[in-house]
**Student:** 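Dropping a structure here in structure tokens format, bear with me for questions.
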Protein chains: 4
Amino acid sequence: MHIDFDISPQDTLPIYRQIVEQLRRGIAGGQCRPGDELPSVRALAQLHAINPMTVSKAYSLLEAEGLLERRRGVGMVVASTQPLRAGKGERLALLQPALQAAASQAVQLGLDEQAALRLFQQCLQEEMNK
Amino acid sequence: MHIDFDISPQDTLPIYRQIVEQLRRGIAGGQCRPGDELPSVRALAQLHAINPMTVSKAYSLLEAEGLLERRRGVGMVVASTQPLRAGKGERLALLQPALQAAASQAVQLGLDEQAALRLFQQCLQEEMNK
Amino acid sequence: MHIDFDISPQDTLPIYRQIVEQLRRGIAGGQCRPGDELPSVRALAQLHAINPMTVSKAYSLLEAEGLLERRRGVGMVVASTQPLRAGKGERLALLQPALQAAASQAVQLGLDEQAALRLFQQCLQEEMNK
Amino acid sequence: MHIDFDISPQDTLPIYRQIVEQLRRGIAGGQCRPGDELPSVRALAQLHAINPMTVSKAYSLLEAEGLLERRRGVGMVVASTQPLRAGKGERLALLQPALQAAASQAVQLGLDEQAALRLFQQCLQEEMNK
DNA sequence: GTGGTCTAGACCACA
DNA sequence: GTGGTCTAGACCACT
């Protein structure tokens, strides 16, 4: 598993939920495939200088959701029941909340559609070139 | 003042910060102009079924920031020291974080630029017709 | 809410799951009704001499499952989306795992059906007279 | 020895204790008799896809308890000091905890005695036909 | 080595 | 007062 989590402790979104959502997207997007082993709780905790329990909490939630499976004494793996990649509609649905929030902000800021779209396009291109 | 706040109690962003940020954008976007009166703490609290202290906390923070002024007997008004509307570059800068986050999510989901842009356009149009 | 939890720290079932399952049964059985307030995390923790986080974990899981709702600043209540009492088939399904385990043990112990049933009847009557 | 262990890795009861308790019941029930040879650690581990150390741990505990004996070159056998079969009262006593727990659950679920008994009878019959 | 559970205690957001 | 999040650290079960 070579997903690199992007953890921001000062984000309002709790750390464990940052992990949950990034992993959820990684699985839906096909970046993490069924059977892939996840970084160990301790490794991930140390890498981002956070507490192991915080990572564990995220993993447990995803296990309860059925996205991850626990292999006793081995670690967590992406559940074999997951599709290799979610359908496009499903992935767009996962993206929608973020775009709705951004659209709401754009309108409140009195920006026109074209300006907002151009900025988003620019952000997308930067992100893809990372 | 006819800014209509969009409050989601189950959002991870605390309610008082939802108010603060929406008002900040309303001022930057020119929707709220210097001297405009804000809804009273009680009115806003009742309208959204939230605690008056939550509203009060948001107003106090904005007052401390200099965006709002407390007028005795009148209530809170948008500070007269505010520009009528922030410059477009400034407003785009305020929008950028949300779009960067969305772009990052889109890439993690394995979505292509076109699909993401179309969805954003759709969100913008829905938001403008509210 | 007057559900009295029966917590055994030395049970192999983790404490937070003891709470989860007892509450699940209490709701399915109609003993806890939609809107009922739960004992506060701190109160329950103190009553059973366990850590508040243990209780909190149980409540969070039930919230994620949709059985409980969080009322900010007030506490947890039984979700209003719950039926007053689950259907009989559903409640029997919740009981089945325990009975299957007991049946397996009875067979391993070489006990006959009549003896096992009589003992269960006796246990039921004792339990009902509590 | 043809005791067939029923191992559930996802059960909250640790695997080594599942083995210990099933064997304890098999001995009490007369299914395993003094001198009976147990499956080898490796065989049992392979059969249930569990770690040999887990099986070994279970056997060691039972040896310490005096229920099993280690015979050099042969393996583990049921201790010759065991009675052929425990008395019926004793076996019922071993079954009681499981039934008490089930009875408690039935009452919490608001089920009546008849329904609970019928379900238990059904479980017993299924178990006997295995 | 893996994850799970629990504790004790701190600080935050909300009413 | 309510619950939420996080930390640091201990011990357990399993590979």
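Letters go in sequence order (proteins before strands), and every chain restarts at 1.
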**Student:** Got a donor-acceptor contact below 3.5 angstrom from the Gln22(A) side chain to the Asp6(A) backbone?
**Tutor:**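 Answer holds: yes.
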
**Student:** When you measure from every atom of DNA chain F, which of residues 55-65 of chain A have a heavy atom less than 4.0 Å away?
**Tutor:**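 When residues 55-65 of chain A is checked for heavy atoms under 4.0 Å from DNA chain F, the hits, listed by number, are Lys57(A).
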
**Student:** Using every non-hydrogen atom in the two residues, find where Leu94(D) and Gln105(C) come nearest and quote the distance to one decimal.
**Tutor:**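 Heavy-atom minimum between the residues: O-OE1, 4.1 Å.
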
**Student:** If only atom types and distance count, is the side chain of Arg85(A) paired as donor or acceptor with the main-chain N or O of Gly29(A) below 3.5 Å?
**Tutor:**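 Side chain of Arg85(A) to backbone of Gly29(A), a donor-acceptor pair under 3.5 Å: yes, one is there.
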
**Student:** If each of Gly75(C) and Ile50(A) is mapped to the nucleotide of DNA chain F with the nearest heavy atom, which maps nearer the 5' terminus, i.e. the 5' end?
**Tutor:**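 Nearest-nucleotide comparison on DNA chain F picks Gly75(C).
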
**Student:** Would you mind reading off the distance between Gln18(A) atom CD and dG4(F) atom C1', rounded to a whole angstrom?
**Tutor:**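 Going from Gln18(A) (CD) to dG4(F) (C1'), I get 15 Å.
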
**Student:** Over how many whole Å does the gap from Asn51(A) atom CG to dA10(E) atom C1' extend?
**Tutor:**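 My rounded result for the distance is 13 Å.
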
**Student:** Closer to the 5' end of DNA chain E via nearest nucleotide, is it Leu13(C) or Val74(C)?
**Tutor:**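 Residue closer to the 5' terminus by nearest nucleotide: Leu13(C).
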
**Student:** Report the base-pairing partner of dC14(E) (Watson-Crick or G-U wobble, both distances below 3.5 angstrom), or none.
**Tutor:**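 Answer to the pairing question: dG1(F), which forms a Watson-Crick or G-U pair with dC14(E).
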
**Student:** Looking at every strand, decide which applies to Ile15(C) at a 4.0 Å heavy-atom threshold: base, sugar-phosphate, or nothing.
**Tutor:**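 Here Ile15(C) touches the backbone only, sparing every base.
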
**Student:** DNA chain E: Arg17(C) or Arg42(C), which has the more 5' nearest nucleotide?
**Tutor:**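 Counting from the 5' end, the first nearest nucleotide belongs to Arg17(C).
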
**Student:** Is the phosphate of dA13(F), meaning OP1 or OP2, less than 4.0 Å from a side-chain N or O of Tyr16(D)?
**Tutor:**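 The answer is yes; a side-chain N or O of Tyr16(D) sits under 4.0 Å from OP1 or OP2.
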
